[in-house]
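One structure is given here, and the rest of the page talks about it.
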Amino acid sequence: MFDAKTFIENSLVEIKTAVGNSKVISACSGGVDSTVATYLVHKAVGDQLVAVFVDDGLRREGEPEFVVRILKELKIKTRYINAKEDFFKTFKGKTDAEEKRKAFRDKFYTTLGKVAKEEQIQFITQGTIKADVLETVKGIKSQHNVLEQIGINPEIYGYKILEPLRELFKPEVRMVGRELGLPSEISERMPFPGPALSLRILGEVTQEKAVIVRKATEIVEQETTGIGAFQSFAVLHNDKATGIKNGNRLYGNIITVRIVNSSDAVTAFAVKVPYDLLERISKRITTEIPTVVRCLYDITDKPPSTIEFE
Ligand code: XMP
C-alpha cells in the first residue's frame with residue numbers, strides 16, 4: 001500500500017541531499033503533477049527554488065492567471081515567461097503529431113534553459129510521473145517531459161533534472177498533494193497534458209486555431225463539471241465540413257468532444273454520458289463559436305485509441 005506520508009518524508013531527504021546549496025527552477029504548468037512536484041521541492045529547499053510558468057499560448061482560458069495566483073498563495077517565488085510568439089513560430093508548417101511533440105519539447109526546454117542561465121541554477125524540477133515514462137519507453141508517444149528514455153541527455157539543455165514523482169501514478173500523486181495540504185483545486189484537478197492544446201489541434205498549430213479549441217474546451221469543462229470524468233475536453237479537426245450559419249452555407253470547423261474515465265491514464269473508457277448533456281455541449285459549441293458547424297462525440301476506448309488525439 002502506498003503511504004503518502006512516508007513518501008513525502010523520504011522525498012524531502014532525497015531532494016535536500018541531491019540539491020545541497022544549489023538553485024533550482026521548477027517548470028510548473030499548474031497541473032496536479034507539476035504543482036505537487038514544485039511544492040514538494042519548495043518544502044525541501046525553500047527559496048532556493050523558483051517556479052517558472054511558461055506561457056506557450058496554448059493554455060486553457062484563465063490558466064496563466066490561475067497558476068500565478070496559486071503559486072503566490074503557496075508563497076513560492078514565481079516567474080511568468082511570455083513565450084507565446086515563440087511557440088507559434090516553432091509550430092509553423094508542422095503537421096505530423098510526433099514532429100509537433102518534438103517541436104514543443106525543444107521550445108519548452110530551450111525556453112527553460114534561458115531562464116536557468118539567468119537564474120544561474122543547476123537543477124530543473126518537473127512533474128514527470130510513471131505513466132509518462134512507460135508510454136515513452138513503449139514508443140507510443142514521446143511525452144514532452146521524458147528525455148533520457150529517448151536518448152536525450154538533459155545536460156544538453158544546460159541543467160540536471162529532478163523528478164520526485166517519477167515512480168508514482170496519478171492517484172498516488174493526488175494522495176501526496178492532499179497529504180501536503182495543497183488546495184483541492186490543485187490535488188483534484190483534471191489532468192491536462194504538458195504540450196497543452198497543441199495535442200488537441202489537428203494539423204498545424206496556429207493562434208487562430210488555439211482560440212477556437214480554447215473556447216470549446218471551456219464549454220466542455222463547464223458542462224461536465226461534477227460528472228466525475230477523468231478527463232473531458234475538445235479537439236479541433238484539420239478538416240472542414242459543410243454547414244449552415246445564419247441561413248448561409250459555411251464550410252466550417254469540426255470539433256470532437258472527448259470524455260473519458262481512467263484510473264492511471266494507461267487504459268481509458270469513453271464515458272456513456274447522457275444524450276441531453278451531449279446535445280447541450282453541441283448547441284453551445286456551434287452557437288458560441290461562429291466558425292464551428294459540426295460537433296462529434298468520440299466513443300473509442302484506450303486502447304485502441306489514446307486519450308489525446310496527437
Ligand atoms: P494519451 O493520449 O497518451 O494520454 O493516452 C495519457 C495521459 O497523458 C496525458 N498526456 C501528456 N501529458 N505530456 C504530458 O504531460 C505529454 O506529452 C502528454 N501526452 C499525453 C494525457 O492528457 C492523458 O492524461
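Just so it is clear, the values below take in all heavy atoms, side chains as well, and ignore hydrogens, waters and symmetry mates. First listed ligand is number 1; within each ligand, the first listed atom is number 1. Because the structure is predicted, anything quoted here is derived from the model rather than measured.
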- prompt: Can an N or O of Phe230 be found at a distance shorter than 3.5 Å from an N or O of ligand 1?
  reply: no

query: Near Ala265, which atoms of ligand 1 are under 4.0 Å from a heavy atom of that residue?
result: 6 (C), 7 (C)

query: Is the backbone N or O of Lys240 less than 3.5 Å from a side-chain atom of Arg294, with the two atoms forming a donor-acceptor pair by type?
result: no

For atom 21 (C) of ligand 1, the option (of Lys302, Glu308, Glu310) bearing the nearest heavy atom: Glu308

- prompt: Stepwise, does the side-chain contact (heavy atoms from CB on, under 4.5 Å) test hold for Glu119 with Arg79?
  reply: CA-CA 10 Å; Glu119 296 283 334; Arg79 279 188 63 180; 2.9 Å; yes

- prompt: Which one of Ser198, Ser29, Pro193, Ala268 has a non-hydrogen atom at the shortest distance from atom 10 (N) of ligand 1?
  reply: Pro193

Distance-only side-chain donor-acceptor flag, Thr38 / Ser26, under 3.5 Å: yes

query: Do ligand 1 and Pro191 have nitrogen or oxygen atoms that lie under 3.5 Å from each other?
result: no

message: Contact between ligand 1 and Lys170 is defined here as a heavy atom of the residue under 4.0 Å from a ligand atom; is it met?
response: no

- prompt: Would you say the side chains of Ser232 and Thr224 form a donor-acceptor pair under 3.5 Å?
  reply: yes

message: Within the 4.0 Å heavy-atom shell around Thr306, which atoms of ligand 1 are there?
response: 1 (P), 2 (O), 5 (O)

message: Assess, by modelled atom type and distance only, whether the side chains of Asn253 and Lys209 contain a donor and an acceptor separated by less than 3.5 Å.
response: no

field: Mutual orientation of the aromatic rings belonging to His237 and Phe309 [parallel < 30°, tilted 30-60°, perpendicular > 60°]
entry: perpendicular

query: For ligand 1, which atoms have a heavy atom of Leu199 less than 4.0 angstrom away?
result: 19 (N)

